[in-house]
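For reference, the structure is listed below as structure tokens.
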Amino acid sequence: MTVPRRPGAQKRLTAAQRLRQAANLANGSTALGLAVAFAARTRISNGPRGLILASGYRPRLPFAGAFTLGNVVLCRCTAAEMLSRPALLGHEEKHCTQYAWCLGAPFLPLYFLAAGWSLVRSGNPGTGNIFERHAGLEAGGYPAPGTRRRPSRRRPSEVEV
């Protein structure tokens, strides 16, 4: 199966983006992302900066409107909607880099531990989560530190939870 390309969607990748792409291919996290995307029957397309967009994700878990596995950004919205939200896409891209730094699969238990710690400390899984803080709380739809409220109620395609 070939991945559809949008005209002009791909610009030359920087050395760091190529390195992230290669690391996530080597550590298997992008393959995992593609497997989940195909199993969920999402629509796969090339995104900017070496990302792969898997749009139309429908399974109930995770609850997030968007999440990443390797260089694959899975989202409940369409690819065009995701591309129109550069802050959220940038947030997810930072998670792609975190996968590379954590050598792939170890990112998942580390992330869930950080989310649990955050839930205990701040009342939500993002505010105290080191991975979400480094990816940008506001861009991911999380409340600022010092608040115990959950993110505002938005449609699933509008927020990463």
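FYI, side chains are in, hydrogens and waters are out, and symmetry mates aren't considered; it's all heavy atoms of this structure. The structure displayed is predicted, hence computed values, not measured ones.
- In this structure, N124 contributes its side chain and Y142 its backbone to no donor-acceptor pair below 3.5 Å.
- The shortest heavy-atom contact between G128 and W117 is O-CD1, 4.2 Å.
- Residues L113 and W101 fall into different hydrophobic clusters, defined by Ile, Leu, Val, Met, Phe, Trp and Tyr side chains chained together at heavy-atom separations under 4.5 Å.
- Minimum interatomic distance between I44 and A37 (heavy atoms only, all atoms of both residues): CD1-CB, 3.5 Å.
- The minimum heavy-atom distance linking R18 with L13 is given by the pair NH1-O, 2.6 Å.
- Side-chain contact between Y111 and P125 is absent, with no heavy atoms from C-beta onward closer than 4.5 Å.
- Linking ILVMFWY residues whenever their side-chain heavy atoms come closer than 4.5 Å, directly or via other members, leaves L103 and L19 in distinct clusters.
- A donor-acceptor distance shorter than 3.5 angstrom exists from the side chain of N24 to the backbone of A100, with no hydrogens or angles considered.
- Rounding to the nearest 0.5 angstrom, the gap separating the CD atom in Q98 from the CD atom in E132 is 7.5 Å.
- Hydrophobic clustering (ILVMFWY, side-chain heavy atoms < 4.5 Å, transitive): F38 and L32 are in one cluster.
- Hydrophobic clustering keeps L25 apart from L53 (ILVMFWY residues linked when any side-chain heavy atoms are closer than 4.5 Å, directly or through intermediates).
- With hydrogens and angles disregarded, no donor-acceptor distance shorter than 3.5 Å links the side chain of R20 to the backbone of T97.
- For the atom pair NZ (K11) and CD (Q17), the distance works out to 11.0 Å, reported to the nearest 0.5 Å.
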side-chain hydrogen bond (donor to acceptor under 3.5 Å, both in side chains) evaluation trace for S55 with R43: CA-CA 5 Å; S55 57; R43 190 170 189 150; 5.8 Å; no

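- Residues F112 and L110 share a single hydrophobic cluster, defined by chaining ILVMFWY side chains whose heavy atoms lie under 4.5 Å apart.
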